[in-house]
Q: 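One structure, as structure tokens, below. Some questions next.
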Amino acid sequence: MAIEELHRKMMSEVYEGGVRDTRVLGAMNGLERHRFVPSRVRHLSYENSALEIDEGQSISQPLMVGLMTQELEVEDENLVFEVGTGSGYQAAILSKLCRRVYTVERHKDLYTDADKLFLELGLSNIVTLYGDGMEGSWHGGPEVFDRIMVTASAQDEIPPKLLSCLKEGGLMVIPVGEEGEVQSLLKVRKGKDGLDVETLADVRFVPLLSGKG
Ligand code: SAH
């Protein structure tokens, strides 16, 4: 099957899985996933499954990327922070939907590769950062971001420094739970009087780890 055909098939699986937001579908339709996948598994790029990238990490399943992006309710003017750049695929999707994406990765090689790829693809509204996304240093102060997406699982709580850089009225999507166990994908709304937390699904993500890789 030609790439275009495989891509179309993947998109119909994403749609059938519940992604109906036309902006999200448009963004996923406009980006070739095979650009983000290492050559040894490139033939599987348009399967609706997670794939191994380098450093023992993974690129999320397309349906999960679509659902998480849809739940984040990203708007044109938003500043979005992503923790866990990995392959860069999720950041690239987000970049089509908002003003600017800041994405941070703790593995140097993944960071470098993603940075190069964004340049090649002309995704000039993505700022790549290297280090531990749970640290406060690059948040540039409290309440900076409209949206935060975390693509690795926090062990037992929503990292407080991440919460502090979310604007009031902002949204965060984050998996929480132990590695290897069923984790909960949470949607967190930061209100004036506290957090409104909704559990979206049972998920499995690689762990959110502190420090550099
Ligand atoms: N969004 C990615 C998914 C990558 S998997 C994609 O679309 O491909 C999650 C990534 O989070 C891994 O690359 C892992 O190295 C990274 N990660 C884990 N803990 C982190 C932390 N504290 N700060 C930054 N990145 C982290």
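Along the sequence shown, the residues carry numbers beginning at 1. Both ligands and their constituent atoms are indexed starting at 1 by order of listing.
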Q: Specify the closest pair of heavy atoms between Leu94 and Val74, including all atoms of both residues, with the distance to one decimal.
A: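 Result for this residue pair: CD2-CG2, 4.0 Å.
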
Q: What do the steps show when you test Arg33 against Leu51 for side chain to side chain contact (heavy atoms under 4.5 Å, CB included), and what is the final call?
A: CA-CA 11 Å; Arg33 189 169 184 252; Leu51 296 171; 3.8 Å; yes

Q: How long is the gap from CD on Glu105 to CD on Gln57, to the nearest 0.5 Å?
A: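 CD of Gln57 is found 6.5 Å from CD of Glu105.
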
Q: How many angstroms lie between CD1 in Ile59 and CE in Met64, if you round to the nearest 0.5 Å?
A: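 Result: 13.5 Å between the selected atoms.
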
Q: Side chains of Thr69 and Gln90, heavy atoms from C-beta outward: is any pair under 4.5 Å?
A: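 Result yes, sub-4.5 Å side-chain heavy-atom pair found.
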
Q: Output the set of protein residues with a heavy-atom contact under 4.0 Å to ligand 1, ordered first by chain identifier and then by residue number.
A: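 Within the 4.0 Å shell of ligand 1, which is judged on heavy atoms, sit Gln57, Ser58, Ile59, Glu82, Val83, Gly84, Thr85, Gly86, Ser87, Tyr89, Gln90, Val104, Glu105, Arg106, His107, Leu110, Gly131, Asp132, Gly133, Met134, Thr151, Ala152, Val206, Pro207, Leu208, Leu209.
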
Q: Under 3.5 Å, which donor-acceptor pairs link side chains of residues 110-122 to any protein atom two or more places apart or in another chain?
A:
| from | atom 1 | to | atom 2 | distance (Å) |
| --- | --- | --- | --- | --- |
| Thr112 | OG1 | Lys108 | O | 2.8 |
| Asp115 | OD1 | Thr128 | OG1 | 2.5 |
| Glu120 | OE1 | Arg35 | NH2 | 3.0 |

